[in-house]
Structure formats: C-alpha cells, structure tokens
Amino acid sequence: MKLTLLRHGITEGNQNHLCYGSTDLPLLPEGIAALQEAARTKRYPKAEHYYTSGMRRTEQTLEMLYGEVPHEVLPGLREIDCGQLEMLPFAQLEALPEFGKWMRDATADTPVPGGESFRQVLQRGLAALVPLLERNEDAVCVMHGGIMGVLLDYWFPGKPFGHYVPQPGSGYQVTVEEGQPVAVCPVPEE
C-alpha cells in the first residue's frame with residue numbers, strides 16, 4: 001500500500017510565519033496559483049481513496065491538485081491546536097517560556113497553553129489513519145505540516161524534530177506493508 005501525505009498550499013499563516021493550526025484559513029490566491037502550476041508540471045501520486053482534514057485549506061488543495069474527486073473527511077488529521085499562541089508570529093513566540101517548553105518537549109505530553117501536546121496530536125492522527133492502513137488500499141491524505149511531521153517522526157525516528165514538515169503543496173509517500181509503515185520518500189516527482 002502507498003499512503004501519500006500532502007501538505008496544503010500557502011495560506012496567510014505560512015506567508016506571515018504565524019503559529020496556527022485550528023484557525024480555518026483558506027489558501028491565498030498565490031497558493032492556489034502555485035498548486036495549479038504544480039498540478040500541471042509535477043507528478044502527484046494518485047490513489048483509490050482521497051481524504052482531507054476537512055479544513056478549507058485542505059479541501060482547496062485537494063481540488064487544485066486532483067480536481068473534484070470523491071473524498072472523505074478525517075477530522076483526526078487536522079493541524080495542531082496552538083491554543084493561546086494561535087495566530088501569533090513565531091518571531092514573537094520565541095521569547096515566551098511556554099513556547100520554548102512546548103517546542104523542546106515535542107515528543108511528550110506538554111500542551112501549549114489552551115492547546116494540544118504533540119503526543120495528543122500523534123494519538124488522534126494515528127487513530128484517524130488506522131482504518132486506512134487496515135484497508136490496505138492506496139490513499140492520498142491532504143493535511144497539515146505539523147501533524148504530518150509528528151506522524152512521520154513516530155514512524156521513522158532518528159531525524160531532527162521538524163525534518164518531516166514539508167513545504168506547502170508537497171509531502172511524503174509512505175510504503176505500508178502488513179499495516180506497518182516501512183519506507184518513506186518525498187513527493188511530488190518533478
């Protein structure tokens with residue numbers, strides 16, 4: 001089985017380097033244009049089943065890359081809830097002790113104030129993907145960089161934190177054998 005995990009296109013949050021996850025931002029016009037160009041010039045994996053987190057940016061990205069394909073919403077694939085830090089610039093957050101503790105404790109149970117821990121994000125992401133892995137049919141999931149990074153760090157440990165957070169409009173394809181992720185490679189192909 002091939003499980004393709006794609007990050008949504010460019011939003012105001014990406015462009016302005018904001019800490020965001022639960023805010024339902026749409027793609028920017030330049031994000032839509034970049035995805036349309038990528039769909040014309042790059043090879044994105046196709047699959048039997050398509051999924052999104054249900055947030056506008058993932059719905060728009062799926063449509064830009066694959067057209068109006070039938071798909072299901074998996075709310076467990078939504079982005080990290082950044083709580084009280086939601087929509088604040090990363091440059092401002094770096095001086096806050098709670099942000100530093102949250103980022104240093106990326107594999108443990110420390111939640112951001114009013115938000116989620118990385119472990120909570122991992123648990124809900126894994127729960128959302130279990131039925132897909134058990135189905136053993138190729139799938140494409142349009143989701144978010146933070147949760148994607150947490151899942152891939154769990155399945156393929158040993159890389160620095162953040163290694164698996166892709167650029168908007170790109171992601172990874174995971175080879176799954178007998179329900180277990182065994183290999184990962186970047187997508188799309190040029």
According to a 4.5 Å side-chain heavy-atom criterion applied to Ile, Leu, Val, Met, Phe, Trp and Tyr, with indirect links allowed, do M55 and V150 form part of one hydrophobic cluster?
no

Using the rule side chain to side chain contact (heavy atoms under 4.5 Å, CB included), only one of L151, V184, L133 pairs with L3; which is it?
L133

Would a 4.5 Å heavy-atom cut-off, applied to side chains only, mark Q60 and P26 as touching?
yes

Would a single hydrophobic cluster contain both V121 and V165, if residues Ile, Leu, Val, Met, Phe, Trp and Tyr are joined by side-chain heavy-atom contacts under 4.5 Å?
no

For the side chain of Q120 and the backbone of S117, is there at least one donor-acceptor N/O pair under 3.5 Å apart?
yes

Under the side chain to side chain donor-acceptor pair (under 3.5 Å) rule, collect the residues that match up with Q173, sequence neighbours excluded.
T4

Correct closest heavy-atom pair for E79 and G146 would be OE2-N, 2.9 Å

Flag, side chain of N14 to backbone of T11, donor-acceptor distance under 3.5 Å
yes

Qualifying salt bridge (Lys or Arg N to Asp or Glu O under 4.0 Å) pairs, either residue in residues 3-30, two or more places apart:
D24-R56

Quick check: are there more than 12 heavy atoms from other residues, nucleotides or ligands sitting under 6.0 Å from CD of Q167?
no

Side-chain contact, heavy-atom cut-off 4.5 Å: E72 with Y51?
yes

Which heavy atom of P131 sits nearest a heavy atom of A127, and at what distance?
CD-O, 3.5 Å

Any salt bridge (Lys or Arg N to Asp or Glu O under 4.0 Å) involving residues 120-146? Give me the pairs, sequence neighbours left out, ordered by first then second residue.
E116-R124

Taking every heavy atom of S22 against every heavy atom of E86, the minimum-distance pair comes out as N-OE2, 3.1 Å

Taking atom CG of N136 and atom CD of E48, what is their separation to the nearest 0.5 Å?
9.0 Å

Would you mind listing the cluster partners of L35? Hydrophobic ones only (ILVMFWY), side-chain contacts under 4.5 Å, chaining allowed.
L6, L27, I32, Y44, Y50, L62, M64, L65, Y66, V69, V140, V142, V187

Passes side-chain contact (heavy atoms from CB on, under 4.5 Å), I80 versus V112? Steps please.
CA-CA 10 Å; I80 296 167; V112 66; 5.8 Å; no

Whichever hydrophobic residues join Y20 through chains of side-chain contacts under 4.5 Å:
L18, L25, M87

Quick one: are I147 and R78 in side-chain contact, heavy atoms under 4.5 Å?
no

Can you name the nearest heavy-atom pair linking T61 to G9, along with the distance?
OG1-N, 2.9 Å

In this structure, would L122 and V130 fall into the same cluster of hydrophobic residues linked by side-chain contacts under 4.5 Å?
no

Between P166 and G145, which heavy-atom pair has the shortest distance, and what is it?
CD-CA, 4.4 Å

In sequence, state the C-alpha distance, the side-chain angles, and the governing distance for T58 and C141, and then conclude on side-chain contact (heavy atoms from CB on, under 4.5 Å).
CA-CA 9 Å; T58 63; C141 298; over 6 Å; no

Do S170 and P186 have side chains that get closer than 4.5 Å, going by heavy atoms?
no

Side-chain donor-acceptor pairs under 3.5 Å in residues 153-163, sequence neighbours left out?
none

Can you name the residues that form a salt bridge (Lys or Arg N to Asp or Glu O under 4.0 Å) with E37, not counting sequence neighbours?
R40

Determine the minimum heavy-atom distance between G21 and C82, stating which atoms define it.
N-SG, 4.2 Å

Tell me whether I10 shares a hydrophobic cluster with M148, the cluster being built from Ile, Leu, Val, Met, Phe, Trp, Tyr side chains joined at under 4.5 Å.
no

Qualifying side-chain hydrogen bond (donor to acceptor under 3.5 Å, both in side chains) pairs, either residue in residues 139-150, two or more places apart
S53-H144, R57-H144

Is there a side-chain contact (heavy atoms from CB on, under 4.5 Å) between K2 and T175 once you walk through the steps?
CA-CA 5 Å; K2 300 291 185 186; T175 301; 2.9 Å; yes

